[in-house]
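Predicted, not measured: the structure shown is a model, and the values here were computed from it. In what follows, every chain begins at residue 1, and chains take the letters A, B, ... in the order their sequences are listed.
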Amino acid sequence: MTAPLLSVRNLEIAFRSGRDDIPVVRDLSFDLGAGETLGIVGESGCGKSITALSLLGLVPSPPGRVTRGQILFQGEDLVQAGERRLNEVRGNEISMVFQEPMTSLNPVYTIGEQIAETARVHFGLSRAKAWARAVEMLSLVGIPSPNRRAHDYPHQLSGGMRQRVMIAIALVCEPKILIADEPTTALDVTVQAQIFDLFNDLRRDFGAAIILITHDIGVVAQMTDRVMVMYAGRKIEEGPVADFVRDPRHPYTSGLVSCIPRLTMPPSDDPEPLFEIPGVVPAPRDLNRPGCPFAPRCARVMPRCRDENPGLEPLAPGRMVACWQEQEVAA
Amino acid sequence: MTDTTLAAPKPVSPSTQAWRMFRQNHAAVLGLAILLAIIVISLAGPFIYTVAPREMVWMPLTPPGQSEYVLGTDYLGRDLLAGLINGGRVTLAVGFTAALITVAIGITVGALAGFFGGRVDNLLMRVTEFFQVLPNLLFAMVVVMLFGADLLNISIAIGIVSWTSTARLTRAEFMRIREMDFVKAERSIGAANGRLIWKVILPNAAPPLIVVSALSIGTAILFEAGLSFLGLSDPNTTSWGRMIGDNRPYILDSPWGVTFPGLCIFLTVLAISLIGDGMNDAFNPKLRER
């Protein structure tokens with residue numbers, strides 16, 4: 001088996017609060033192969049976005065810091081890399097599309113200038129060539145009459161169009177990994193479908209691996225090859241997407257899957273209430289006590305769950321879960 | 001029905017938009033006209049009105065309108081009009097140079113402090129405070145007396161006592177913009193710090209900075225007048241402030257000797273203030289029509 005493109009090993013990210021380092025991501029390991037799409041799911045505040053930022057060396061510091069572990073990109077540890085090297089990696093090798101297309105473009109430059117500038121800095125293209133490349137990228141991400149639109153300022157475009165521009169900027173250097181942090185959360189559902197079609201096309205054309213961060217299980221099922229579920233800064237389940245939707249093992253995962261409202265529910269005067277997981281994600285500060293972090297919210301909690309934190313145990317090849325119940329059933 | 005599909009609005013750059021707003025402000029346009037007139041007269045005037053400003057040409061303290069020198073003469077019999085025309089050059093030169101120094105120091109210090117934060121910010125802000133608590137006029141006088149009263153030294157002296165407020169404003173703008181999503185996005189595609197400071201954040205911080213820079217020209221002109229009035233000006237040149245200073249002892253006998261240069265300073269600073277106000281409105285997106 002060849003080495004994966006990206007391999008995260010025992011990553012711990014902590015934020016300084018007063019005199020303590022509070023870990024927000026703990027002992028996180030995962031791999032990403034070339035051309036693969038990995039979904040990272042979980043509620044708000046469980047460490048998805050900060051994990052993504054850490055891959056680019058962009059954990060806000062201070063107060064944040066990678067305190068342990070390795071991020072191996074093609075064998076090179078990015079945690080140890082200097083700022084200069086990271087700037088080469090950013091955009092060139094790994095790039096990111098953010099959640100907020102409305103505010104993620106620089107308001108004082110035209111979109112053509114912004115894409116061209118990126119191409120110029122990374123490839124050393126001439127101005128004319130960089131501009132041509134920008135127009136080409138705009139047409140590639142499906143912006144109509146790109147020649148004219150390239151002269152537009154961000155405020156002249158809709159949210160969906162701006163997100164396309166963000167994607168164009170992220171892809172202009174043909175990175176090996178594209179991280180999309182809730183790329184469609186701020187967009188209409190119809191636009192969302194278009195953006196995901198675009199991702200699929202681009203993956204095919206550019207061969208980029210995609211890390212898709214979302215809390216939308218429907219999106220995950222449609223878009224990804226493999227899914228990793230995070231809860232309170234830890235990975236609690238991982239597996240191929242089909243297994244994840246059909247047969248979720250961790251009670252948190254099955255909770256997430258049950259939370260999807262179904263349109264096929266028959267209309268009635270007394271509708272079934274939507275499923276919800278009671279409670280909220282615990283604050284990172286409260287995670288130092290023993291036991292499974294999900295235990296207080298778990299419907300299937302057992303005495304053992306409150307005392308010991310289950311480790312990740314493989315269930316099948318490529319499939320693992322951190323839950324005492326599953327592990328006892330398996331044993 | 002007209003064909004609306006082809007009538008896509010032509011993209012308008014932010015500076016074009018600001019200029020359109022500016023033109024609607026009559027006071028600002030008037031200010032701009034006055035300033036341009038003063039600049040043109042100062043630059044071209046000495047070639048057209050060729051009386052030497054420092055030669056004694058007529059009876060001392062001649063009132064306006066009583067000789068071929070229409071604005072009269074000063075206590076040494078020098079032509080006041082020639083003094084005003086030539087003094088404008090010096091006053092404007094010192095004003096613009098000092099403002100340039102003010103803005104260069106202020107923006108650099110403020111940008112570095114606001115962008116890097118932490119220790120850099122702490123250090124630079126303590127330095128800024130040091131300059132803030134110095135008595136401006138006294139410090140500038142010391143600098144000029146130590147290094148000699150030539151135009152460059154005077155400009156530098158004015159620059160180093162007036163950059164602090166520009167630095168504070170720049171710092172505040174940088175701290176605000178630094179946290180914005182597009183800065184994060186630029187970082188994520190590999191923009192280094194230098195690029196983030198000068199090409200990403202600074203253009204977004206520009207509007208208020210342009211306004212204070214323009215206003216600092218007016219402040220610098222007043223400052224120069226003050227120094228000249230106290231006798232701290234280049235003895236080989238004529239400036240409006242120096243004219244006021246020179247004619248001060250004769251203010252009761254010939255008030256025109258201080259009135260005309262005072263009026264020139266007033267008009268110039270007023271024009272700059274009007275322009276500054278107009279720019280402030282023009283850059284304010286809330287007042288700008290879409």
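With a 4.5 angstrom heavy-atom cutoff, A206(B) does not touch chain A via any of its atoms. Contact of E117(A) with chain B is made through the side chain alone, with heavy-atom distances under 4.5 Å. There is no contact between M102(A) and chain B, counting heavy-atom distances below 4.5 Å. Contact of I179(A) with chain B is not made at all, since no heavy-atom distance falls under 4.5 Å. Heavy atoms closer than 4.5 Å to chain B are found in the backbone of L105(A), but not in its side chain.
The two residues A214(B) and M279(B) come nearest to each other via the heavy atoms CB-CE, 3.4 Å. Of all the heavy atoms in F115(B) and I201(B), the pair that sits closest is CD1-CD1, 3.6 Å. Among all heavy-atom pairs drawn from R162(A) and P154(A), the shortest one is NE-O, 3.1 Å.
With contacts defined as side-chain heavy-atom distances shorter than 4.5 Å, the pair L32(A)/I177(A) qualifies. The side-chain heavy atoms of I158(B) and N136(B), taken from C-beta on, include no pair separated by under 4.5 Å. With a 4.5 Å cut-off on side-chain heavy atoms, V8(A) and L55(A) count as touching. No side-chain heavy atom of L178(A) sits under 4.5 Å from any side-chain heavy atom of I211(A).
Within residues 86-93 of chain A, the residues having any heavy atom closer than 4.5 Å to a heavy atom of chain B are N87(A), R90(A), G91(A), listed by residue number. Within residues 122-142 of chain A, the residues having any heavy atom less than 4.5 Å from a heavy atom of chain B are, in residue-number order, H122(A).
For the residue pair Q194(A) / R164(A), a side-chain donor-acceptor distance below 3.5 Å is found, with atom types taken as modelled. For the residue pair T103(A)/D181(B), the side-chain donor-acceptor check at 3.5 Å is satisfied.
Ion pair E179(B)/K184(B) not flagged as a salt bridge, since none of the NZ, NE, NH1 or NH2 atoms sits closer than 4.0 Å to an Asp/Glu carboxylate oxygen. Of the charged side-chain nitrogens involved, at least one lies within less than 4.0 Å of a carboxylate oxygen, so that E129(B) and R168(B) count as a salt-bridged pair. A salt bridge does not link E186(B) to K199(B): none of the charged nitrogens lies less than 4.0 Å from a carboxylate oxygen.
Chain B forms more heavy-atom pairs under 4.5 Å with one residue of I169(A), N106(A), V172(A) than with any other, namely N106(A). Across L53(A), V121(A), L58(A), I94(A), the residue that shares the most heavy-atom pairs under 4.5 angstrom with chain B is L58(A). Chain A forms more heavy-atom pairs under 4.5 Å with one residue of A192(B), S188(B), A185(B), P203(B) than with any other, namely S188(B).
Around atom CZ of R126(B), more than 12 heavy atoms belonging to other residues, nucleotides or ligands sit under 6.0 Å away.
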